[in-house]
Amino acid sequence: MPNIVSEAGLQTRAGQWWDSIPFLTSAVVIVCGVIYLICLLIGYDSFYEVCFLPEAIVSHFQVYRIYTSIIFHGSLLHVLFNMLALVPLGSELERIMGSIRLLYTIILLATSNAIFHLIIALVVAHNPFHPFEHLMNECAIGFSGILFSMIVIETSLSGVQSRSVFGLFNVPAKWYAFILLVVFQLLMTNVSLLGHLCGILSGFAYTFGLFNFLIPGPSFYTAIESSSWLASCVRRPKFILCSGGNPSAYIPTYTAQNSSSSALFSGNIWRNLSSWMPQRGTTAQPAQDDPRFPGRGRTLGSVQNTAVNSDSNLQARLLDNSRPTSPSDIAAGGAGERLSNERRLQVNDAVAVGAGGYPLPQMPQVASEEQIQKLLSMGFERTQVEVAIAAADGDLNVAVEILMSQQG
């Protein structure tokens with residue numbers, strides 16, 4: 001049969017691409033694009049009145065510049081590159097957080113970027129050794145500061161070890177944002193180094209939990225989503241409820257930890273900071289539990305990769321009872337001699353082959369009702385949810401992957 005997708009016209013492909021972008025991300029693209037077009041049509045170029053200008057904020061308390069500066073852009077290439085970068089980043093984070101949570105996060109990041117920008121500009125401009133007073137009159141505009149924050153957050157959530165820079169070379173994921181900062185500064189003119197740097201700092205502060213006391217709990221977002229004035233938006237298919245995001249990748253929230261001050265004064269901050277520093281040796285260490293990102297950590301390496309692959313095969317067999325288990329699948333599930341004895345015991349406990357040759361799921365632990373309800377709210381059936389949670393050893397991250405693979 002012909003491939004309908006490959007034979008579709010350009011207009012159809014563009015429509016499918018646009019429909020795949022979640023509600024808030026597409027709304028930000030539309031707002032920034034429309035504002036630029038209006039400025040272009042009416043000939044407005046007085047960006048000095050709306051940009052982020054430290055001197056104007058300090059002297060005249062023009063705090064509106066914190067938010068107007070992120071939606072105005074100075075040129076067509078400026079708005080085009082920023083929006084093309086926003087689509088994949090914003091879409092990924094919106095599917096994880098939900099639309100309202102991402103909107104709150106963008107506002108929080110814009111505010112924190114401005115605070116960092118002001119502090120650094122004031123300190124550098126008035127230092128007694130070699131003051132740089134021009135920083136107070138530097139006019140920063142565009143959404144790129146928020147994008148750098150999103151890059152740091154998304155990299156922290158993804159858990160990847162390396163990132164490609166424009167497809168030319170790979171760099172360690174921990175330094176990806178800083179590499180981009182240097183590359184953009186070298187290749188482009190009129191780029192705000194301080195604005196981008198403050199975006200990176202805000203992203204790290206967010207992932208380290210420094211903003212936890214500023215992030216409300218789920219009831220805050222639920223109340224907004226249930227309000228009547230937002231009903232028309234919530235009913236749209238592209239709108240993502242906060243309760244319908246990926247529960248395995250919750251971003252730090254105030255309720256994710258026992259107390260608001262625990263993130264600031266406990267060992268979590270130092271553990272996070274030290275994890276982003278270069279380490280010697282390649283021995284994989286057991287990942288410590290992080291309340292900000294629930295779920296089992298996945299380490300790289302030949303043995304660990306084999307175990308992860310065997311997990312995927314195991315989970316697919318547990319949910320697909322209509323397909324007999326072949327000897328090769330059983331060998332892949334056991335992972336042969338490459339797995340340690342402990343890993344073999346885990347696989348043997350998770351899969352038992354019945355008399356008819358079908359894999360029978362074993363229940364390593366009883367799924368809590370809260371876990372079941374989270375997945376039921378995403379539209380999955382209860383039976384599949386219970387089996388998936390059992391197969392994933394209670395890890396909602398793996399359970400969602402199992403359920404999504406079955407639907408695909």
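Along the sequence shown, residues are numbered consecutively beginning with 1.
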Over 60° means perpendicular and under 30° means parallel, so tell me whether [X] and [Y] are parallel, tilted or perpendicular.
{"X": "His78", "Y": "His73", "answer": "perpendicular"}
{"X": "Phe52", "Y": "His117", "answer": "tilted"}
{"X": "Tyr44", "Y": "Phe47", "answer": "perpendicular"}

Please confirm whether the backbone N or O of [Y] pairs with a side-chain atom of [X], one donor and one acceptor, at under 3.5 Å?
{"X": "Ser149", "Y": "Ile200", "value": "no"}
{"X": "Thr25", "Y": "Pro22", "value": "no"}
{"X": "Thr105", "Y": "Arg101", "value": "yes"}
{"X": "Lys238", "Y": "Asp19", "value": "no"}
{"X": "Tyr36", "Y": "Phe72", "value": "no"}
{"X": "Ser227", "Y": "Ile224", "value": "yes"}

Inset, instruction - Indicate, with yes or no, if the rings of Phe184 and Phe81 have centres closer together than 6.0 Å. - result: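 Between Phe81 and Phe184, which both carry aromatic rings, the centre distance is not below 6.0 Å.
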
Legend entry - salt bridge (Lys or Arg N to Asp or Glu O under 4.0 Å) partners of Arg65, counting only residues at least two apart: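 Once residues adjacent in sequence are excluded, Arg65 has no partner under the salt bridge (Lys or Arg N to Asp or Glu O under 4.0 Å) criterion.
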
As an exercise, state the distance from [atom1] of [X] to [atom2] of [Y], rounded to the nearest 0.5 Å.
{"X": "Gln62", "Y": "Thr68", "atom1": "CD", "atom2": "OG1", "value": "9.0 Å"}
{"X": "Asn82", "Y": "Ile70", "atom1": "CG", "atom2": "CD1", "value": "11.0 Å"}
{"X": "Ser75", "Y": "Asn190", "atom1": "OG", "atom2": "CG", "value": "9.5 Å"}
{"X": "Leu147", "Y": "Leu109", "atom1": "CG", "atom2": "CG", "value": "10.5 Å"}

Side-chain donor-acceptor contacts of residues 163-171 below 3.5 Å, not counting sequence neighbours, with atom names and distances?
from	atom 1	to	atom 2	distance (Å)
Arg163	NH1	Glu154	OE1	3.2
Arg163	NH1	Thr155	OG1	3.4
Arg163	NH2	Glu154	OE1	2.7
Arg163	NH2	Glu154	OE2	3.4
Arg163	NH2	Ser158	OG	3.2
Ser164	OG	Gly167	N	3.0

Legend entry - Heavy-atom check, side chain of Cys198 versus side chain of Ile120, under 4.5 Å: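 Result yes, sub-4.5 Å side-chain heavy-atom pair found.
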
Inset, instruction - Return the minimal non-hydrogen interatomic distance between Val152 and Thr207, and the atom names on each side. - result: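 Closest heavy-atom pair between Val152 and Thr207: O-CG2, 4.2 Å.
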
Legend entry - Heavy-atom closest contact (Leu181 atom, His196 atom, distance):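 Smallest heavy-atom distance, with atoms named: CD1-CB, 3.3 Å.
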
Legend entry - Donor-acceptor pair between Tyr67 and Thr111 side chains, under 3.5 angstrom: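 On atom types as modelled, these side chains qualify, holding a pair under 3.5 Å.
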
Inset, instruction - State whether a side-chain donor-acceptor pair under 3.5 Å links Ser112 with Ser202. - result: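 Per modelled atom types, Ser112 and Ser202 side chains form a pair under 3.5 Å.
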
Inset, instruction - Decide yes or no on side chain to side chain contact (heavy atoms under 4.5 Å, CB included) for Phe23 and Val234, but give the supporting numbers first. - result: CA-CA 9 Å; Phe23 178 81; Val234 174; over 6 Å; no

